[in-house]
Student: 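Pasting a structure here, questions to come.
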Amino acid sequence: MAEQYDAIVIGAGPAGYVAAIRCAQLGLKTACVDRWLSDSNKPSPGGTCLNVGCIPSKALLESSALYANVKQGIAKHGIIVPSVEIDISVMMARKDKVVNELSQGIGALFQSNGIAFYSGRGKLLLDKRVEINEFNKKEKQIVSADNVILAPGSSPIDLKAAPLDDDLIVDSSGALAFSEVPGRLGIIGAGVIGLELGSLWRRLGSEVILLEAQDKFLPIADDQVARETHKQFSAQGLDIRLNSRVVVCEAKNNQVHIDYEDANGTQHETVDKLIVAVGRRPNTNDLCAEEAGLTLDEWGIIHVDAQCMTNLPGVYAIGDAVHGPMLAHKGSEEGVMVAEIIAGHSAQVNYDTIPNIIYTDPEIAWIGKTEQQLKSTGVEYRAGNFPFSASGRAKASGETAGMVKVLADAETDRILGVHMIGSHCSELISQVGIAMEFGASSEDICMTMFAHPTLSEAFHEAALAVGGRAIHLLKK
Ligand code: FAD
Ligand code: NAD
């Protein structure tokens, strides 16, 4: 007889594994199936995020930041390092160790929570049955559940003009495993991945050229932030070419030849490696048998309601495979919500307070509405800006680039959006999340005591600036 569960999760990325753990915590008999295998063919739960996304990219960003700091930043502190070298193989081995340890950690969490883990492919069949094709078993098996949670994640979008060859033309996963620093590195797409990977390899010494099809830089960010970061990235040597659409790429003689079109016609560029980073698409091919009748949209995104319920009763979908930003923490929160709902509780995700972070240097972080969004919807607002150059702590650290901007409703003073560029903004933004989750006004932030000297004071000062009363800003 088929094994019966209260909940089965397909996919053990940050959406799926968190959903499985919360289901188990709530007393549900839970299973999770995931198909990710490490380079040594071992199960590696954690999905894109842990294996080829958030974690390895941040491990390498950290290494590259240390290198760049020792090379360029440390002398101003009076610390003289006569020579500095990179050993890419050690850097990569450290990154792999971080990934392996965290992935094993998820295995341990599954075990300690009594979750049955299947390493293999899962496919949703009719009536909440799931076909499991385990890698270490010849026969497929069918299990069934009262509830199925689909968390299959996403994969990089292919570009016909730049077919991957696993050596010279790679996707983001390939770019996290280069064995040497490319001399000249091309990147198609100046989105989040393009900017993070571009920064990473630029810091290690590559000449980096980003070819971006849109004519506006970073349109998802606040315009002021986008302008400021564009300036800073250009000063760092990132060659960002907007309005540049790649027509054809050819890998020959150990180089990639790129033809692209911009406002002046067809251009030619030659690079040593090319990264394709033009977005991601949901992994919904072959996730579900046709007769099960799961509704997908034309992009393969699983159709869900506000509670992540699909059109099939008892079948939920979460993470990158549903609407919304493709972010690990957004998927995890959906996983918790669905587990709570299955266990009979009420739960929801507040999509208005999702933190967005780009882990470049300086870091870019924001929550809520941009100025252009507020203007386009006719919302009256007041803005307060505070530059890190006026922060004592930023000065002491020598990291004065950037600013904090608070946007508050002109009538109610409720915070509608906060935008930051600068050092440690990936950490600073969480206090904004807490404030916005509690419905804070800019006055609430003004009335809060912030420790001195900290970078967080810039948030306080930006809130004060909403009412024209920032202490450490020269009077206009
Ligand atoms: P995934 O993490 O993709 O996991 C889905 C899992 O399901 C995978 O293991 C997959 O193999 C498995 N699966 C799919 N289909 C099946 C099936 N039929 N049977 C069994 N298993 C299946 N986000 C952030 O928030 N912060 C970051 O800093 C960040 N950095 C990133 C850097 C890079 C280079 C990339 C590529 C992405 C980054 N992201 C980041 C995005 C983040 O990785 C994703 O938003 C997140 O992983 C999505 O989680 P998920 O659980 O929905 O899917
Ligand atoms: P993206 O959507 O952020 O950027 C893709 C870029 O490629 C866009 O600017 C787009 O205009 C451009 N583009 C598309 N087709 C093109 C073409 N033919 N030629 C030139 N440019 C082209 O996607 P991404 O950078 O691939 O990232 C995918 C997802 O992963 C994002 O949704 C992001 O949220 C997530 N991610 C998040 C983080 C983070 O939170 N720090 C880090 C990495 C990835």
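Order of listing sets the numbers, starting from 1, for every ligand and every atom in it. Numbering starts at 1 and runs along the sequence shown.
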Student: Would you check whether Gly331 reaches within less than 4.0 Å of ligand 1, judged by its heavy atoms?
Tutor: no

Student: Between ligand 2 and Ala190, is the shortest N or O to N or O distance under 3.5 Å?
Tutor: no

Student: Just distances here: any N/O of Ser244 and N/O of ligand 2 closer than 3.5 Å?
Tutor: no

Student: Counting both backbone and side chain atoms, is some N or O of Tyr359 under 3.5 Å from an N or O of ligand 2?
Tutor: no

Student: Mind checking whether Asn356 contacts ligand 2 via backbone (N, CA, C, O), side chain (CB onward), both or neither, at a 4.0 Å heavy-atom cut-off?
Tutor: neither

Student: Please report which non-hydrogen protein atom sits nearest to atom 4 (O) of ligand 2, along with the residue it belongs to and the distance in Å to one decimal place.
Tutor: Gly191 CA, 3.2 Å

Student: Any idea which of Ile364, Asp320, Ile193 brings a heavy atom closest to atom 24 (P) of ligand 2?
Tutor: Ile193

Student: Note the single closest protein heavy atom to atom 42 (C) of ligand 2, along with its residue, its atom name and the distance in Å.
Tutor: Val192 CG1, 3.3 Å

Student: For atom 5 (C) of ligand 2, which of the options Ala162, Gly194, Ala277, Pro325 provides the nearest non-hydrogen atom?
Tutor: Ala277

Student: What is the closest protein heavy atom to atom 11 (O) of ligand 2, and at what distance does it sit?
Tutor: Glu212 OE2, 2.5 Å

Student: Looking only at protein heavy atoms, which one is nearest to atom 20 (C) of ligand 2, and how far off is it?
Tutor: Ala213 N, 3.2 Å

Student: What protein heavy atom sits nearest atom 32 (O) of ligand 2, and how far away is it?
Tutor: Met326 CB, 3.7 Å

Student: Please work out which of Gly11, Cys54, Cys32 has its closest non-hydrogen atom nearest to atom 38 (C) of ligand 1.
Tutor: Cys54

Student: Report yes or no: does Lys330 have a heavy atom closer than 4.0 Å to ligand 1?
Tutor: no

Student: Among protein heavy atoms, which lies nearest atom 40 (O) of ligand 2, and at what distance?
Tutor: Leu327 CD2, 3.2 Å

Student: What protein heavy atom sits nearest atom 19 (N) of ligand 2, and how far away is it?
Tutor: Ile188 CG2, 3.4 Å

Student: Mind telling me whether Trp366 and His419 have parallel, tilted or perpendicular rings, with 30° and 60° as the class edges?
Tutor: parallel

Student: What residue and atom, counting heavy atoms only, is the protein's closest point to atom 16 (C) of ligand 2, and at what distance?
Tutor: Val278 CG1, 3.5 Å

Student: For the residue pair Phe117 and Phe110, categorise the inter-ring angle as parallel (less than 30°), tilted (30 to 60°) or perpendicular (more than 60°).
Tutor: tilted

